[in-house]
Amino acid sequence: MKIEIAESLVYSYLKHSEGCRIVQTNWRTSGKWIVTEYETERARELFQKISNSEYFSGIFKNSSFDQLIKQAEIDVLGINTAEETVYGIDVAFHSAGLNYGSKTETAFRIIKKIFRTIFIMQSYFDENEKFNSYFITPKVNPATKVIIEDLMNKK
């Protein structure tokens with residue numbers, strides 16, 4: 001089993017700083033789990049809102065909501081049961097800096113990961129009140145960072 005140092009640090013952070021009583025690395029859904037329309041309603045509404053937004057057009061390309069959920073993997077998932085808060089954190093380390101193609105393509109992929117994590121948390125942990133999705137990386141091009149920050153501030 002390979003140990004990811006960043007994931008281990010995030011695991012400890014969620015457990016000791018955010019008070020998560022349940023923390024798991026490499027969290028994935030199971031094809032055997034049944035999720036009802038009621039449980040996914042909030043996430044589906046957000047998916048539609050984002051898909052129809054002029055700022056995020058094409059971010060999901062041709063992926064449906066169900067496809068996004070089936071592809072689900074969250075690097076570190078934490079649940080603070082006392083505060084009814086779920087944390088989903090994706091971690092990426094690229095020694096030359098984060099790069100998934102052009103600056104815009106890189107920004108869109110990161111935003112897509114953040115949104116997908118929110119959809120997953122809202123669908124599988126619907127009984128909770130707060131959802132926090134983070135994408136962390138130690139090195140990103142400043143121009144890409146500006147695009148990401150601008151997109152995250154859009155409504």
Side-chain angles (χ1 to χ4, degrees), residues 2-20 22-29 40-80 83-126 128-155:
K2 183 171 95 171
I3 296 175
E4 296 285 341
I5 291 176
E7 290 175 11
S8 179
L9 286 170
V10 171
Y11 178 98
S12 293
Y13 166 78
L14 289 175
K15 188 171 187 174
H16 300 292
S17 295
E18 294 298 340
C20 294
I22 302 167
V23 184
Q24 182 178 342
T25 57
N26 301 311
W27 185 90
R28 291 181 168 264
T29 61
T40 62
E41 182 179 2
R42 182 172 25 174
R44 286 181 190 278
E45 287 175 6
L46 181 58
F47 174 79
Q48 287 302 321
K49 183 178 178 181
I50 293 166
S51 296
N52 295 330
S53 167
E54 65 181 288
Y55 304 112
F56 301 108
S57 65
I59 197 167
F60 301 121
K61 299 192 172 149
N62 294 323
S63 296
S64 68
F65 176 82
D66 293 324
Q67 285 174 308
L68 287 172
I69 296 296
K70 286 179 185 174
Q71 299 169 347
E73 193 247 323
I74 300 173
D75 290 335
V76 187
L77 180 85
I79 303 173
N80 180 324
E83 296 178 7
E84 297 181 338
T85 303
V86 182
Y87 296 85
I89 302 177
D90 289 300
V91 180
F93 178 78
H94 300 214
S95 58
L98 199 59
N99 185 359
Y100 295 121
S102 71
K103 293 173 195 72
T104 301
E105 179 63 24
T106 299
F108 266 39
R109 285 194 54 188
I110 291 168
I111 297 295
K112 179 180 177 180
K113 287 175 183 270
I114 291 168
F115 284 141
R116 181 172 51 208
T117 297
I118 292 169
F119 301 151
I120 294 162
M121 292 186 300
Q122 287 180 334
S123 296
Y124 288 93
F125 304 99
D126 183 55
N128 292 279
E129 293 297 317
K130 296 176 251 169
F131 304 95
N132 296 293
S133 177
Y134 300 101
F135 183 91
I136 58 175
T137 185
K139 194 172 181 181
V140 65
N141 183 316
T144 303
K145 183 180 175 190
V146 168
I147 296 168
I148 294 167
E149 289 172 345
D150 184 49
L151 286 169
M152 292 308 294
N153 290 319
K154 301 292 183 196
K155 293 185 180 184

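Atom CD1 of residue Ile89 and atom CG of residue Leu9 lie 11.0 Å apart, to the nearest 0.5 angstrom. Summarising the geometry, atom CD belonging to Glu73 is positioned 9.0 Å from atom CZ belonging to Arg116; distances are rounded to the nearest 0.5 Å. Considering CG of Leu46 and CD1 of Ile118, their distance stands at 6.5 Å, rounded to 0.5 Å. Distance check: Leu68 CG to Lys70 NZ gives 11.5 Å after rounding to the nearest 0.5 Å. Between the OG atom of Ser123 and the CD atom of Glu41 there is a distance of 11.0 Å, given to the nearest 0.5 Å. From Leu77, atom CG reaches atom OG of Ser133 across 10.5 Å, with rounding to the nearest 0.5 Å.
When the side chain to side chain contact (heavy atoms under 4.5 Å, CB included) test is applied to Thr29, the partners found at least two apart in sequence or on another chain are Trp27, Trp33, Ala72, Tyr124. The side chain to side chain contact (heavy atoms under 4.5 Å, CB included) test applied to Lys15 returns Tyr11, Val23, not counting sequence neighbours. Among residues two or more places apart in sequence or in another chain, the side chain to side chain contact (heavy atoms under 4.5 Å, CB included) test is passed with Gln67 by Ser63, Ser64. Legend: residues meeting side chain to side chain donor-acceptor pair (under 3.5 Å) with Tyr13, ordered by chain and number and at least two apart, are Glu18. Under the side chain to side chain contact (heavy atoms under 4.5 Å, CB included) criterion, Asn128 pairs with Ile79, Glu84, Val86, Phe125, Phe131, sequence neighbours left out.
Here the side chain of Thr137 pairs a donor or acceptor atom with the backbone of Ala92 at under 3.5 angstrom.
Between Gly78 and Cys20, the shortest heavy-atom contact is C-SG, 3.7 Å. Closest non-hydrogen pair, Val91 versus Ala6, comes out as CG1-CB, 3.3 Å. Contact detail for Ile74 and Gly88: the closest heavy-atom pair is CG2-CA, 3.8 Å. Between Asn141 and Lys103, the shortest heavy-atom distance links the atoms ND2-CE, 3.8 Å. Gln122 approaches Ala43 most closely through the heavy-atom pair OE1-CA, 3.1 Å.
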*Working for side chain to side chain contact (heavy atoms under 4.5 Å, CB included), residues Asn26 and Glu7*: CA-CA 9 Å; Asn26 301 311; Glu7 290 175 11; 3.5 Å; yes
*What do the steps show when you test Val10 against Asp75 for side chain to side chain contact (heavy atoms under 4.5 Å, CB included), and what is the final call?*
CA-CA 9 Å; Val10 171; Asp75 290 335; over 6 Å; no
*Go through the steps to decide whether Glu4 and Thr25 satisfy the test side chain to side chain contact (heavy atoms under 4.5 Å, CB included), and finish with yes or no.*
CA-CA 9 Å; Glu4 296 285 341; Thr25 57; over 6 Å; no
*Go through the steps to decide whether Ile50 and Phe60 satisfy the test side chain to side chain contact (heavy atoms under 4.5 Å, CB included), and finish with yes or no.*
CA-CA 9 Å; Ile50 293 166; Phe60 301 121; 3.5 Å; yes
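Between Phe115 and the options Phe56, Phe65, Phe47, a ring-ring contact (aromatic ring centres under 6.0 Å, His included) holds for only Phe56.
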Would you give me the side-chain donor-acceptor pairs under 3.5 Å for residues 105-114, sequence neighbours excluded?
unit_1 : atom_1 : unit_2 : atom_2 : d
Glu105 : OE2    : Lys61  : NZ     : 3.4
Thr106 : OG1    : Tyr100 : N      : 2.8
Thr106 : OG1    : Ser102 : O      : 2.9

